[in-house]
Amino acid sequence: MKKILLIEDDVSIAELQRDYLEINDFSVNIQHTGDAGLQQALQENNDLIILDIMLPGVNGFEICKQIRAVKDIPILLVSAKNEDIDKIRGLGLGADDYITKPFSPNELVARVKAHLARYERLAGSQAKTNTVFVHGISIDKSARKVHVNGEEIPFTTKEFDLLLFLVMHPNQVLSKEQLYERIWGMESAADVSTVTVHIRKLREKIEREPAHPKFLETVWGAGYRFNV
């Protein structure tokens, strides 16, 4: 049974969503504040998180950012606001979907099922092979070798780790801070500017026109995204 964490401050809405999800064989845990929701999201294993933006305490945007920095699970943002800027911000922070209130509970269930199925397909395809192919780039995870259009290109350890992490999180905006934490962690005395330097080096090795990248895109004010 898939576990869903529902972070929603409106008790009646949360209970309605829980009822529909449980009818469809999901296990649902509800938190009504941002602080409690964030704590549970980080400390416990869930298969998907439904996250309201306007919450007491920590807001949904900050929760989404902190979850995405350490977990790769579907995050569905829910809001009464139907403004593009909120959608762009939420998706830029790593949310997989943005649902505007009011919405049909059946629509919510359908989206939950679709995103869980998508993540399962991605996990299954990644588990079947140690080699990733994208845009003429071949990444051998076991041998730690990279070929671009059939030619082996030398990569440093951190360049390889950074490229692989970006490729394994396609179409997802990742901030410099997220990338720095994942790739360098606490072992380096450098600051997040090292991410910018390594992104430039990656572009020089995988892009036809590094000055005008098509694959490794800068999302201004948010971070970087590997387009597939």
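Residue indices begin at 1 and follow the sequence shown. Heavy-atom basis, side chains included; hydrogens, waters and symmetry copies ignored.
At distances below 3.5 Å, not a single donor-acceptor pair connects side-chain atoms of K141 with backbone N or O atoms of V132. Between the side chain of R225 and the backbone N or O of V219 there is no donor-acceptor pair closer than 3.5 Å. Between the side chain of D47 and the backbone N or O of K3 there is at least one donor-acceptor pair closer than 3.5 Å. Side-chain N or O atoms of R68 include one that pairs as donor or acceptor with a backbone N or O of I73 at under 3.5 Å. No donor-acceptor pair closer than 3.5 Å links the side chain of N46 to the backbone N or O of I49. Distance alone, capped at 3.5 Å, places no donor-acceptor pair between the Q31 side chain and the L5 backbone.
In plain terms, the two heavy atoms of G57 and D35 that are nearest each other are CA-OD2, 3.3 Å. Closest approach of R203 and P210 over heavy atoms only: O-CG, 3.6 Å. What you find for G94 and Q172 is that their closest heavy atoms are CA-CG, 4.4 Å. Nearest heavy atoms, G92 versus V173: O-CB, 3.1 Å. Looking at every heavy atom in both residues, T131 comes nearest to F133 through CG2-CZ, 3.4 Å. What you find for G90 and C64 is that their closest heavy atoms are O-SG, 4.3 Å.
In the hydrophobic cluster analysis, where Ile, Leu, Val, Met, Phe, Trp and Tyr join through side-chain heavy atoms closer than 4.5 angstrom, V109 is grouped apart from L77. When the side chains of ILVMFWY residues are joined at heavy-atom separations under 4.5 Å, either directly or via intervening members, L174 and I139 end up in a single hydrophobic cluster. Hydrophobic cluster membership is shared by M168 and V228, with clusters built from Ile, Leu, Val, Met, Phe, Trp and Tyr side chains linked at under 4.5 angstrom. Residues V148 and L202 fall within the same hydrophobic cluster, defined by Ile, Leu, Val, Met, Phe, Trp and Tyr side chains chained together at heavy-atom separations under 4.5 Å. Residues I13 and V11 do not share a hydrophobic cluster, clusters being chains of Ile/Leu/Val/Met/Phe/Trp/Tyr side chains in contact below 4.5 Å.
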Inset, instruction - Go through L116 and F26 one step at a time and tell me if the side chain to side chain contact (heavy atoms under 4.5 Å, CB included) criterion holds. - result: CA-CA 11 Å; L116 285 171; F26 293 108; 3.5 Å; yes
Inset, instruction - Give the C-alpha distance, both sets of side-chain angles, the deciding distance and a yes or no for side chain to side chain contact (heavy atoms under 4.5 Å, CB included) between Y224 and K176. - result: CA-CA 8 Å; Y224 302 100; K176 292 180 183 178; 3.5 Å; yes
Inset, instruction - Report the C-alpha separation of V78 and L51 in whole Å, then their side-chain angles, then the decisive distance to 0.1 Å, and conclude whether the side chain to side chain contact (heavy atoms under 4.5 Å, CB included) test is met. - result: CA-CA 6 Å; V78 176; L51 174 60; over 6 Å; no
Inset, instruction - Given side chain to side chain contact (heavy atoms under 4.5 Å, CB included), test K2 with E120 step by step and report yes or no. - result: CA-CA 12 Å; K2 297 293 185 181; E120 287 176 354; 2.8 Å; yes
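Evaluated for a side chain to side chain donor-acceptor pair (under 3.5 Å) with R111, the options D96, N106, D97 yield exactly one hit, D97.
No side-chain heavy atom of D9 sits under 4.5 Å from any side-chain heavy atom of M54. Side chains of L166 and L179 form a contact here, defined as non-hydrogen atoms less than 4.5 Å apart. Side-chain contact check for I30 versus E8: every heavy-atom pair is 4.5 Å or farther apart. The shortest side-chain heavy-atom distance between K214 and H135 does not fall under the 4.5 Å cut-off. Taking 4.5 Å as the limit, some side-chain heavy atom of I50 sits within range of a side-chain heavy atom of L21. Using a 4.5 Å heavy-atom threshold, the side chains of R89 and L93 count as touching. Here the side chains of L164 and R144 are not in contact, with every heavy-atom distance at 4.5 Å or above. Contact of the L48 side chain with the Y119 side chain is not registered, since no non-hydrogen atoms from C-beta on lie closer than 4.5 Å.
Between K65 and E177 there is no salt bridge, since no side-chain N of the basic residue sits under 4.0 Å from a carboxylate O of the acidic one. Salt-bridge annotation for D25 and K113: absent, with no side-chain N of the basic residue lying under 4.0 Å from a carboxylate O of the acidic one.
Aromatic ring pairs are classed by plane angle as parallel below 30°, tilted from 30° to 60° and perpendicular above 60°; the pair W184 and Y180 is parallel. Under the 30°/60° scheme for interplanar angles, the aromatic rings of F215 and F226 are found to be tilted.
Atoms NZ and CG, from K101 and D10 in turn, are 6.0 Å apart once rounded to the nearest 0.5 Å. The distance from atom CD of Q40 to atom CG of N45, rounded to the nearest 0.5 Å, is 11.0 Å. The CG atom of L76 lies 7.0 Å from the CG atom of L108; values are rounded to the nearest 0.5 Å. We find the OG1-CZ distance between T196 and R200 to be 9.5 Å, quoted to the nearest 0.5 Å. Rounding to the nearest 0.5 Å gives a distance of 12.0 Å between CD of Q39 and CD of Q66. Here L38 contributes atom CG and I67 contributes atom CD1; the two are 6.5 Å apart, rounded to the nearest 0.5 Å.
Within a 6.0 Å sphere centred on NZ of K205, heavy atoms belonging to other residues, nucleotides or ligands number more than 12.
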